[in-house]
Amino acid sequence: MQPFTPVLEDLLEDLEELDRRLRPRRAGAGAVPAEDLLLQKSHLAEIYGLVDALIAGIRSIDTAYRRYRDRFARFPAGCLCTGADGVILEANRAAGALFGRAPDLMQGVSLDTYLRPECVPAFRSAVAALGRGEEVPVQEFSLARADGTATPAAVAVSTLYDPGSGAAEFLWAFCDISGQRRVEEALRESEERYRGLTENISDAFLAMDRDGRIVSWNRAAARLSGSPEEEAVGKSIYDLFPQLRNEEVAGFFREVTETGRPGVSECGFRLHGQDRIFEVRAVPTRAGISVYLQDISARREAEEALRRSEERCRMVVESQAEMICRRLPDGTITFANDAYCRYAGIPCEDLIGRRYAPTVPADDQDRVRQSLASLTPDHPVSTVEHRVIMPDGRVRWQQWTNTASFDDEGSAVEYQSVGRDITDARMAGEALLLANRKLNLLSDVTRHDLLNRLNVLSGYLDLFRERTDDPELLEYCRKEEEAIRDIRRYMAFTAEYRDIGMASPAWHPLSRIVHDAMAGLDPGEVAIEVQAGDLEVYADPLIVRVFANLIDNSFRHGERVTRIRIHPEMSDRGISLVYEDNGIGIPHAEKGRLFERGFGRQTGFGLFLAREILAITDLSIRETGEPGKGARFEIGVPPGFYRISGRGRAP
């Protein structure tokens with residue numbers, strides 16, 4: 001058992017001492033007369049009974065006292081007791097935790113010592129009122145904790161009275177309300193954000209109760225109604241917006257309120273002499289509904305303009321001679337214009353929604369698949385030419401430009417194809433090619449015969465020079481020989497120029513172009529560096545001759561060339577294929593005539609032909625080097641005429 005309280009402990013010790021003194025007589029110690037013994041026996045028994053009862057009562061009181069003390073100490077709310085002067089007599093554990101101090105160390109200290117200075121006057125006023133016997137309502141004090149922080153607390157107090165002497169002690173109960181304050185602050189900030197949001201949105205916003213009365217609204221709603229907020233709160237929404245007073249809108253509000261589901265409706269307003277269309281969006285709340293009014297007149301006008309534009313575009317598409325269709329990756333047709341349907345011989349209503357593809361000969365199918373497989377998000381367009389077998393068995397040529405649409409993962413979701421029949425153009429091209437071949441054959445025969453006759457003429461001039469010493473006649477011979485040399489150069493030019501444009505342009509890897517250009521050339525000690533990567537160029541096959549001419553010029557005229565470097569550079573107009581050496585360069589006086597026909601130290605046709613070959617596929621060439629530092633040629637390649645690793649398309 002726990003030790004007694006000091007006062008009860010002293011009293012209990014005195015009673016136990018008295019009991020010990022009486023015990024010897026109870027045991028018969030000493031000689032006592034018989035008549036006295038009988039008398040003492042009755043009195044002592046009564047005394048013993050009283051002492052035992054008193055000891056038991058004291059122990060019961062002490063047990064109850066300790067139980068209540070333990071309850072006070074363990075009570076979860078902070079409690080402390082002060083005297084009438086406000087000095088702390090006792091504090092429980094919760095109070096110590098709230099103040100951040102040991103409860104025992106708080107005893108004997110005035111309670112206002114542990115309050116923030118601004119709360120001391122209110123505390124002292126409360127103590128004075130309690131001393132006068134008045135009741136003090138719950139107040140809020142800011143507690144000064146030992147660590148220097150402050151804790152807000154709600155404080156209730158009651159008075160303990162001594163009989164006949166007035167207020168003796170005050171019992172204080174403290175409740176930490178810092179969490180409540182945080183919630184209130186968060187709620188206040190939330191309300192401010194909500195108000196700031198509603199005030200700054202362009203839509204008219206208003207909140208109303210279940211009876212349709214305005215609780216709050218923003219500036220946009222005030223401007224729309226023409227009434228300030230202080231006049232609108234408490235009024236019916238139909239008084240402020242008479243345009244909403246119709247059964248359709250009222251029924252809409254009732255449905256949102258009763259079902260608890262948001263809804264959207266539309267209503268017409270007349271503002272500044274103009275009819276406007278507003279979207280009415282209602283959201284149920286615990287107090288009623290929140291309503292957003294958004295002017296969608298511009299949207300409706302845009303939708304109508306879009307509808308008219310789509311109608312015009314459809315008319316344009318339908319009137320096109322080209323075949324236009326859209327299809328899914330599985331071949332399902334989602335759109336086809338009249339030209340496509342007529343060419344396929346199937347009505348449009350029977351074609352949309354079904355899988356359809358024209359019959360392509362086996363030799364062309366790989367080319368079609370490769371064209372579609374080359375489409376990527378970076379290069380979504382490709383062009384392919386192939387044959388188709390018509391329903392009547394005829395074979396026709398078609399050219400298709402396919403454009404792919406991709407999703408966020410980079411997968412194709414739809415293809416748009418624009419095609420045209422190029423059978424007549426192909427036949428005309430083949431006929432033209434055949435005519436060119438015949439003309440070239442005639443040109444070769446004629447050139448061969450002319451060169452033979454020039455050889456004969458040169459021989460006779462040699463014989464004539466041997467038989468005359470006349471200076472005037474020898475001068476004539478010299479001029480005739482010079483004319484023969486010019487004729488030979490012109491004939492050489494026609495031999496080179498006849499092959500330009502004879503073959504169709506194609507994709508050529510830059511590294512392969514340079515490799516083929518080096519064939520037959522001896523670089524000696526000249527280092528040739530090619531930084532091409534996977535770059536490909538769409539050009540005439542004779543582009544190899546362009547680079548061969550540039551390399552040969554460096555060998556012949558660069559004088560001190562030890563290094564040639566070929567690499568691409570990006571520009572705002574596509575890319576440039578840069579050819580540069582470290583030779584003597586080209587003088588400024590010669591740059592302007594560099595690509596003219598006949599200019600140069602040999603035939604004079606090399607760079608002229610190079611420019612003509614590049615121009616077939618819209619490529620250009622210019623010289624940008626500095627004299628004395630080496631020659632530098634830039635071949636401009638526009639977008640669509642170059643690609644990386646096979647990606648891209650021909651124009």
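Since the model is a prediction, treat every value here as computed from it, not as a measurement. The first residue of the sequence shown is numbered 1, and numbering continues consecutively from there. What you see below is based on every heavy atom in this structure, not just the backbone, and it leaves out hydrogens, waters and symmetry mates.
- Between Glu536 and Arg643 a salt bridge is recorded (basic side-chain N to carboxylate O distance below 4.0 Å).
- Between Arg254 and Glu247 a salt bridge is recorded (basic side-chain N to carboxylate O distance below 4.0 Å).
- Shown here is Asp392, whose CG atom has more than 12 heavy atoms of other residues, nucleotides or ligands within 6.0 Å.
- Using modelled atom types, no side-chain atom of Ser411 and backbone atom of Asp407 make a donor-acceptor pair closer than 3.5 Å.
- Remark: aromatic rings of Phe205 and Tyr292 are close, center separation under 6.0 Å.
- Between Arg213 and Asp209 there is a salt bridge, with a side-chain nitrogen of the basic residue lying less than 4.0 Å from a carboxylate oxygen of the acidic one.
- The pair Arg563-Glu580 does not count as a salt bridge, with every side-chain nitrogen at least 4.0 angstrom from each carboxylate oxygen.
- Counting only distance, with no hydrogens or angles, the side chain of His508 and the backbone of Ala539 share a donor-acceptor pair below 3.5 Å.
- Taking 4.0 Å as the cut-off between side-chain N and carboxylate O, Asp516 and Arg512 count as a salt-bridged pair.
- With respect to the salt-bridge test (charged N to carboxylate O, under 4.0 angstrom), the residues Glu304 and Arg308 qualify.
- Thr376 contributes atom OG1, which lies 6.0 Å from atom CZ of Phe406 (distance to the nearest 0.5 angstrom).
- For the pair Arg426 and Glu385, the salt-bridge criterion is met [side-chain N within less than 4.0 Å of a carboxylate O].
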